[in-house]
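What follows is a short report on a single structure.
All residue numbers refer to positions in the sequence shown, counting from 1.
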Amino acid sequence: MFEAQVGRTPAAPALTGSGTTLTYRELSGRADSFAHVLRNENGVRPGARVALLLDRSVEAVVGVWAVLKAAGAYVPLDPEHPTARLQETVDRAGASPPPAQRDVPRR
């Protein structure tokens, strides 16, 4: 449904946060770029669990959407949790280690 909306209103605002607004086209494009990285550089395959450690932000939405576009399953990690708890969550979920926040496309 989201991609259908991209086709209908590509220049309409889709996401706003932290002083940034992305159009449907921009959000889809960033998610496509990151999904490509997840598949080709991180080896994400359909059904793979992908841990994301991101603050609530535009980049977090891009990251979640990219995991879904890569046919993975999103495992949320709260940056407020201690390192040991984050590692336990990743281990219990059988998830890949989270890519760095810097890897999420910002433009």
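Other residues, nucleotides and ligands place no more than 12 heavy atoms under 6.0 Å from the NE2 atom of His36. Other residues, nucleotides and ligands place no more than 12 heavy atoms under 6.0 Å from the CZ atom of Arg49.
The minimum heavy-atom distance between Thr21 and Glu26, with the atom names listed, is O-OE1, 3.8 Å. In terms of heavy-atom proximity, Leu27 sits nearest to Ala14 at CD2-CB, 4.2 Å. A pairwise comparison of heavy atoms in Ala31 and Ala66 identifies O-CB, 3.4 Å as the closest pair. The two residues Thr89 and Pro76 have their closest heavy-atom pair at CG2-O, 4.5 Å. The minimum heavy-atom distance linking Asp78 with Leu86 is given by the pair O-CD2, 3.3 Å. Of all the heavy atoms in Asp55 and Pro79, the pair that sits closest is OD1-CG, 3.2 Å.
In this structure, the ring of Trp65 has its center less than 6.0 angstrom from the ring center of Phe2.
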Decide side-chain contact (heavy atoms from CB on, under 4.5 Å) for Glu3 and Lys69; before the verdict, give the C-alpha distance in whole Å, the side-chain angles of both, and the deciding distance to 0.1 Å.
-> CA-CA 10 Å; Glu3 292 302 324; Lys69 282 186 167 209; 2.8 Å; yes
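Note on Val67 and Val75: separate hydrophobic clusters, where clusters join Ile, Leu, Val, Met, Phe, Trp and Tyr whose side-chain heavy atoms are under 4.5 Å apart, directly or indirectly.
For the 3.5 Å distance criterion, the side chains of Ser57 and Ser18 fail to qualify, holding no donor opposite an acceptor. Under 3.5 Å, the side chains of Thr9 and Gln5 contain a donor-acceptor pair of N or O atoms.
Within the 4.5 Å cutoff, the side chain of Leu52 has heavy atoms near those of the Val64 side chain. The side-chain heavy atoms of Val37 and Asn42, taken from C-beta on, include a pair separated by under 4.5 Å. The shortest distance between side-chain heavy atoms of Leu22 and Val62 falls below 4.5 Å.
A salt bridge does not link Glu80 to Arg85: none of the charged side-chain nitrogens sits closer than 4.0 Å to a carboxylate oxygen.
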